[in-house]
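What follows is one structure encoded as structure tokens, with my remarks underneath.
One is the number of the first residue; the rest follow in order along the sequence.
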Amino acid sequence: MMLSKNETRKRRKVRIRKKISGTAGRPRLVVYRSNLHIYAQVVDDAAGATLAATSTLALSKNGEKAGCNKAGADRVGREIARLALEKNIRQVVFDRNGYLYHGRIKAVADGAREGGLEF
């Protein structure tokens, strides 16, 4: 039986989530990629709360267009870093959500690092 791309991603996600979880001191930076947008949020798993969130959808509502490409992913990374630093969050655990660390996912991570987050 062949598994779809999304089913294999979900299996990878389960393996990753066994190993990492976000705490108050070091929350989890989660990335989700849809066909049209890229989403990123900082989550404290101990409290079950989302501390900061942004996406290409939210960025394009503020005026300028943010596409679902590497440039848009980089902008999402920088914006999530800015929002996290406003709440005194400097260190995070990067959760690629089962996606391969490549392309747009890597661009979000690089943008967040350039924005000042450590992981």
For Cys68 and Asn35, work out which heavy atoms get closest and say how close. SG-O, 4.0 Å
Please confirm whether Arg33 makes a cation-pi placement over Tyr39, using NZ or CZ under 6.0 Å from the six-membered ring centre and within 45° of the ring normal. no
For the atom pair NZ (Lys65) and CZ (Arg75), what is the distance rounded to the nearest 0.5 Å? 10.0 Å
Do Asp74 and Val108 have side chains that approach each other closer than 4.5 Å (heavy atoms only, starting at C-beta)? no
If you look at every heavy atom in Ile80 and Gly77, which pair is closest and at what distance? CG2-O, 3.2 Å
Can you find a heavy atom in the side chain of Val42 that is under 4.5 Å from one in the side chain of Thr50? no
Hey, mind stepping through Glu118 and Val92 against side-chain contact (heavy atoms from CB on, under 4.5 Å) and telling me if it holds? CA-CA 6 Å; Glu118 296 173 25; Val92 294; over 6 Å; no
With heavy-atom distances below 4.5 Å as the criterion, would you say the side chains of Arg11 and Leu3 are in contact? yes
Please check: side-chain N/O of Lys87 versus main-chain N/O of Leu51, any donor-acceptor pairing under 3.5 Å? yes
For the student: nearest non-hydrogen atoms of Ala53 and Gln41, plus distance: CB-CB, 3.8 Å
Asp95 vs Ile20 side-chain heavy atoms within contact, under 4.5 Å: yes
Look at the side chain of Asp44 and the backbone N and O of Ala46, then say whether any donor-acceptor pair between them is shorter than 3.5 Å. yes
What heavy-atom pair brings Ala73 and Arg104 nearest, and what distance separates the two atoms? CB-O, 3.4 Å
Are Leu57 and Ile105 connected into the same hydrophobic cluster when the rule is that any two of I, L, V, M, F, W, Y join if their side-chain heavy atoms are below 4.5 Å apart? yes
Can you tell me how far the OG atom of Ser21 sits from the CD1 atom of Ile16, to the nearest 0.5 Å? 14.0 Å
Apply side-chain contact (heavy atoms from CB on, under 4.5 Å) to the pair Leu100 and Lys106, showing each step before the final yes or no. CA-CA 9 Å; Leu100 300 179; Lys106 185 175 186 292; over 6 Å; no
Check whether the side chains of His37 and Ser55 place a donor and an acceptor atom closer than 3.5 Å, and report yes or no. no
Which atom pair, heavy atoms only, marks the closest approach of Ala40 to Val76? CB-CG1, 3.8 Å
Out of curiosity, does Leu29 fall in the hydrophobic cluster containing Tyr101 (side-chain heavy atoms, cut-off under 4.5 Å, transitive links)? yes
Taking atom CD of Glu7 and atom CE of Met2, what is their separation to the nearest 0.5 Å? 10.5 Å
Report yes if the side chains of Arg28 and Asp45 come closer than 4.5 Å at any heavy-atom pair, otherwise no. yes
Are the side chains of Glu79 and Leu83 in contact, using a 4.5 Å heavy-atom criterion? yes
Counting N and O atoms only, with roles assigned by atom type, does the side chain of Arg9 sit under 3.5 Å from a partner on the main chain of Ser4, one being a donor and the other an acceptor? no
Should Val31 and Phe94 count as side-chain neighbours, where that means a heavy-atom distance under 4.5 Å? yes
Smallest separation among heavy atoms of Pro27 and Val43, with atom names: CB-O, 3.3 Å
Under 3.5 Å, side chain of Thr56 to main-chain N/O of Ile38, donor-acceptor pair present? yes
